[in-house]
Structures are given as C-alpha cells and as structure tokens.
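Notes for the one structure printed next.
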There are 2 protein chains.
Amino acid sequence: MHGMTGKDAAGGGLRERKKRATRAALTEAAVRLAAEHGADHVTVEAISAAAGVSVRTFFNYFDSRDDAFVVVDADVGARVRRSLLDAPADLTPLEALREALAAELAEAERQHELWTLHAEVLRAAPHLLVRSLGAQMADEAGLAEVVAQRIAAGTREGAAAHSSGGEGRAPGLYPRLLAAVAGTAVRVSVQHWCDRQDEDVPFADVFREVFALLAAGLPAPGR
Amino acid sequence: MHGMTGKDAAGGGLRERKKRATRAALTEAAVRLAAEHGADHVTVEAISAAAGVSVRTFFNYFDSRDDAFVVVDADVGARVRRSLLDAPADLTPLEALREALAAELAEAERQHELWTLHAEVLRAAPHLLVRSLGAQMADEAGLAEVVAQRIAAGTREGAAAHSSGGEGRAPGLYPRLLAAVAGTAVRVSVQHWCDRQDEDVPFADVFREVFALLAAGLPAPGR
DNA sequence: GGCTGATTTTGCAGATCGTGCATTTTTGCA
DNA sequence: TGCAAAAATGCACGATCTGCAAAATCAGCC
C-alpha cells in the first residue's frame with residue numbers, strides 16, 4: 001500500500017492506525033480486483049494476498065466476503081449524524097438531511113477514482129448492491145434516532161404531538177420514514193446518474209431534483 | 001402469445017403445478033424451521049428433508065440458502081403491476097400505487113399465520129431482511145416501468161416534459177423514485193407496525209399514515 | 001535494552017454452501 | 001405403450017466461514 005494518507009481522525013495508538021490501514025487495504029484490493037476480473041471471480045484468498053495478510057485475518061475484519069466490497073468508509077454514518085445535529089435550526093428535517101447528505105456525497109466524489117470504480121463494481125453486480133443497501137439500512141436506525149432528537153429539540157414547548165419518540169425509546173414513525181426515504185433517495189439518485197452518464201449532468205443536480213420531488217409530495221408530473 | 005396466462009391460480013400443466021408445490025413446500029419448511037430453531041441454525045439439508053427433496057434439488061429452486069426465507073410469493077410483483085395499470089385514471093401515481101399495495105398487503109395478511117411467522121423470522125435475522133430488500137428491489141425496475149407507462153398514458157397530449165421515459169427506454173427519474181419510495185414505505189410500515197404491536201393499531205392505519213406523510217412532502221411535524 | 005501482559009495475526013481442521021456433470025426418474029404427448 | 005423433454009438426484013470439488021490454539025506484534029515499564 002502507498003502512503004501516509006492522514007487517516008482522517010489520526011487515531012491515537014499505532015495499533016488503531018494499523019488496523020485502519022489493513023482494513024482500507026483490504027477494501028481497496030477488493031474493489032480493484034473486482035473492477036478488473038468481475039466481482040464474483042475474486043476469492044478471499046486473492047484479496048488477502050493483494051492486501052498482504054492471511055485469509056484468516058480477512059475474516060477478522062469482515063463477516064463475509066461481500067462485505068469487503070460494500071463498505072468504502074465506515075464512519076460516514078457518524079459524520080452525517082453529526083452534520084444533522086449541527087445544522088441550523090430553521091431548516092426542516094428534510095432540508096437538513098438533504099444538506100448533510102449532499103456534503104457527504106460531495107466529499108465522497110472527491111476521491112473520484114475509487115468512487116467511480118466502486119460504483120462500477122456495484123453496477124455490474126446487483127447482488128452486491130443489495131449488500132450495500134444493507135449497510136445503508138444499518139445506519140438507518142441511528143439516523144432515525146438523531147432525526148427524532150432534532151425534532152424534539154425544535155418542538156421543546158410545542159405540543160409533542162404524536163410520534164417523534166426522542167432520545168431513549170425507538171424512534172416514531174416520522175423519523176424512521178424520513179431516514180429510510182433519504183437512503184432510498186441517495187440510491188435512486190446514484191443509479192439514475194449512472195444510467196444517464198452520457199449526458200453529463202452533474203450529480204448534484206439529480207440529487208437536488210430528487211429531494212425537490214420528495215418535498216413536493218411526489219406530485220403527478222406533466223399536469 | 002395471447003392472454004390466458006393462468007399462471008396464477010390453477011397452473012396449466014401438471015409440471016407447473018408440481019414445481020409450484022415443491023417451491024412452496026421449501027419456503028414453508030424454511031420459514032417454519034427458522035421460526036423454531038433460529039434462521040441461521042437451519043441447514044439446507046434440514047429444509048430439503050422437511051420438504052421431501054434432495055439437497056441438490058433445493059439449489060435448483062433457489063440460488064442461495066437465504067433465498068428460501070425471503071420470497072413468500074413469487075408473483076406479488078406481477079399482481080401489483082397489473083393492479084396499477086387497471087387503476088382508475090383520476091388517481092395520482094402515488095395514490096394508485098398506494099391502493100395497489102394496500103390491496104396486496106391485505107391479501108397477504110389473510111394467511112395470517114405464515115405472514116406473522118415470516119415477519120418474526122426476518123425480525124430476528126436482519127441479515128435476511130436485507131435479502132428481502134433485494135427481492136423488493138428486483139421488482140422495482142419493472143414497477144418503475146409500469147409507472148412510466150401510466151404517466152405516459154395520462155399525459156398523451158401534454159408536454160411530455162422531462163422525465164417519464166415510457167415503454168421502451170429506461171424509466172425516467174420520477175417513476176424510479178416513486179417505485180423505490182413505495183417499496184421503502186412498505187418496509188417502514190411493516191417495521192413500525194411490528195415494533196408497536198402491543199398497542200394494537202391496525203396495520204392499514206400505519207400504512208395510510210405513511211403515504212399521507214409522503215403525499216404531504218414529509219413536512220416537519222409539530223409546528 | 002529487556003520483560004510482561006494484552007492484542008493481533010496466522011495456520012489448521014471442519015462444517016456448510018454452492019456448482020458442474022452425468023445418471024436416473026418423472027412428465028407430456030403421440 | 002414408447003419416446004423426447006424436463007426435472008430430480010448423487011457425487012465430486014472449490015469456496016466460504018468458524019473455533020481454537022500457537023506464534024508474532026505492540027504498549028507500557030524498569
């Protein structure tokens with residue numbers, strides 16, 4: 001592996017850093033090999049060899065072979081949640097979420113090479129796209145909880161009407177729905193953007209249009 | 001090839017019927033065994049034995065072990081599409097889709113035992129819920145296409161403005177988003193209904209509220 | 001430097017998954 | 001009944017994943 005990427009939040013110990021490096025090396029090896037030979041012709045043995053660790057170690061980092069292709073950045077979820085909490089209070093939940101996700105996606109688009117490579121791999125292997133959704137859904141619960149917190153903070157003296165469900169309990173219906181729909185919106189945006197890549201419309205435009213449609217209540221077009 | 005696809009209820013040949021029976025036996029065996037012993041302690045060998053076929057035959061019906069748990073009814077997608085096309089023309093796409101899904105869910109709720117058993121299994125095994133999403137997403141493309149057709153039929157002489165993408169090509173942004181969001185809505189409804197099963201609110205109520213929120217553009221609650 | 005305890009990596013055995021191929025059984029039809 | 005197509009089966013083999021215990025590595029300390 002090459003070098004010295006400042007490793008986001010430079011983890012304190014050498015141990016932490018090395019674990020991060022190994023994990024990153026494994027995912028990168030997996031994605032590159034998949035892009036070259038096709039996702040399901042890549043064995044764990046090949047990935048492990050390319051990353052310079054043993055097969056057994058691979059399974060210390062990932063629960064399954066497919067997981068290596070799915071997770072590009074483990075703590076994107078945490079960043080989005082933080083961003084949501086720090087957002088201006090005058091934004092609606094949908095708007096706040098839109099901004100948080102837009103920022104994160106722009107960030108991801110910056111390492112353009114690995115991003116497009118990864119998109120290409122998922123594109124050619126729908127079965128991996130599904131796993132990717134799974135990872136997305138894992139974050140969904142946590143995201144819903146943060147949405148609930150934000151709403152609770154905003155309605156402090158309003159009638160806490162029916163279903164925010166802040167902090168401790170399971171989130172109410174609205175936060176869950178918002179979190180889930182947001183995830184779906186991201187997926188649809190990416191898919192549609194990939195399909196129409198010949199016309200080179202910026203990804204941000206597709207993304208904004210999707211959220212505009214959602215905010216308008218998915219009205220019937222063309223009437 | 002004309003109509004008469006009796007494919008649904010009374011399959012034409014004996015062959016077809018027997019295949020359906022075998023497949024149904026396998027899924028039912030899988031779900032029952034999973035409900036009893038936990039999903040990941042059920043081997044294909046056990047499922048095959050319970051259904052009275054060989055292990056190899058199991059893999060003739062399902063691409064993977066997990067697939068036996070996810071697909072309860074193979075042609076629910078086809079029914080929803082048909083229902084969408086037959087819906088009254090004065091419904092918005094979102095409304096039409098809501099009615100189609102509501103009818104299908106009510107139908108599913110009728111075999112209450114297997115339905116709840118299945119929900120319970122997926123609840124205990126998030127990793128299977130993910131597979132379930134995959135099946136959902138497989139139908140998504142077809143659903144989006146039908147939505148596009150419906151819109152195209154409704155706007156015959158309007159400006160076919162930006163993005164319906166009827167019939168042949170890949171569907172436009174709106175149909176895709178609508179299909180995807182609808183699937184998400186179903187999932188969130190079921191999840192939320194399962195979590196709040198102690199308060200016995202009817203599933204239909206949760207479902208209606210979710211679609212009401214979507215139609216209203218996911219507005220900030222309590223303001 | 002060298003020692004100690006904790007963490008990580010590694011190899012290995014074994015259970016299960018999933019596939020290709022040839023064979024046998026079943027089904028549809030004349 | 002006899003025959004061709006389709007499905008079910010057995011078998012072999014590679015790949016995925018899990019415990020378990022030994023070896024290597026790291027952090028802190030004298």
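All values reported here derive from a predicted model rather than from experimental measurement.
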(Q) Between P on C:dC17 and CG on A:D66, what's the gap in Å once rounded to a whole number? (A) 16 Å
Q | Watson-Crick or G-U wobble partner of C:dA30, both distances under 3.5 Å | A | D:dT1
Q. If you measure only the distance, is there a donor-acceptor pair under 3.5 Å linking the side chains of B:H127 and A:D63?
A. no
Q: For A:D40 and C:dG20, give me the distance from atom CG to atom P, rounded to whole Å.
A: 11 Å
Q: Establish, with yes or no, whether the OP1 or OP2 oxygen of D:dC26 is under 4.0 angstrom from a side-chain nitrogen or oxygen of A:K18.
A: yes
Q) When the distance from CD of A:E16 to C1' of D:dT25 is rounded to whole Å, what number comes out? A) 15 Å
Q) Hey, is the side chain of A:T57 poking within less than 4.0 Å of OP1 or OP2 on C:dT9, counting only N and O atoms? A) no
Q) Can you tell me how far P of C:dA6 sits from NZ of A:K19, to the nearest Å? A) 17 Å
Q) For the residue pair A:W193 and A:W115, does the interplanar ring angle fall in the parallel (under 30°), tilted (30 to 60°) or perpendicular (over 60°) class? A) tilted
Q.
Under 4.0 Å, counting only non-hydrogen atoms across every strand here, what does A:N60 touch: a base, just sugar-phosphate, or nothing?
A. base
Q) 5'-most contact on DNA chain D: A:T43 or A:R56, nearest heavy atom basis? A) A:T43
Q) Using a cut-off of 4.0 Å on non-hydrogen atoms, how would the nucleic acid contact of A:R65 be classed: base, sugar-phosphate, or nothing? A) sugar-phosphate
Q) Looking only at atom types and distance, does a side-chain atom of B:T57 sit under 3.5 Å from a main-chain N or O of B:V53, one as donor and one as acceptor? A) no
(Q) Heavy-atom count check: over 12 atoms from other residues, nucleotides or ligands less than 6.0 Å from B:E109 CD? (A) yes
Q: Measure from the side-chain heavy atoms of A:T22 and tell me the nearest of D:dT9, C:dT9, D:dT16.
A: C:dT9
Q. Expressed in angstrom and rounded to an integer, what is the separation of B:D67 atom CG from C:dG18 atom P?
A. 8 Å
Q) Do A:F207 and A:L101 touch side chain to side chain, with heavy atoms closer than 4.5 Å? A) yes
Q) With sugar-phosphate meaning primed atoms plus P, OP1 and OP2, does B:Y61 contact a base, only sugar-phosphate, or nothing at under 4.0 Å between heavy atoms? A) sugar-phosphate
(Q) Please report the distance, rounded to the nearest Å, between CG in B:L128 and P in C:dC17. (A) 13 Å
Q.
If I take atom CZ in residue B:F58 and atom C1' in nucleotide D:dG10, what distance separates them, rounded to the nearest angstrom?
A. 18 Å
Q. Of the nucleotides D:dT18, D:dA15, C:dT9, which has the atom closest to the A:F59 side chain?
A. D:dT18
Q. With sugar-phosphate meaning primed atoms plus P, OP1 and OP2, does B:V55 contact a base, only sugar-phosphate, or nothing at under 4.0 Å between heavy atoms?
A. nothing
Q) Whole-Å distance between C:dT19 P and B:D63 CG? A) 6 Å
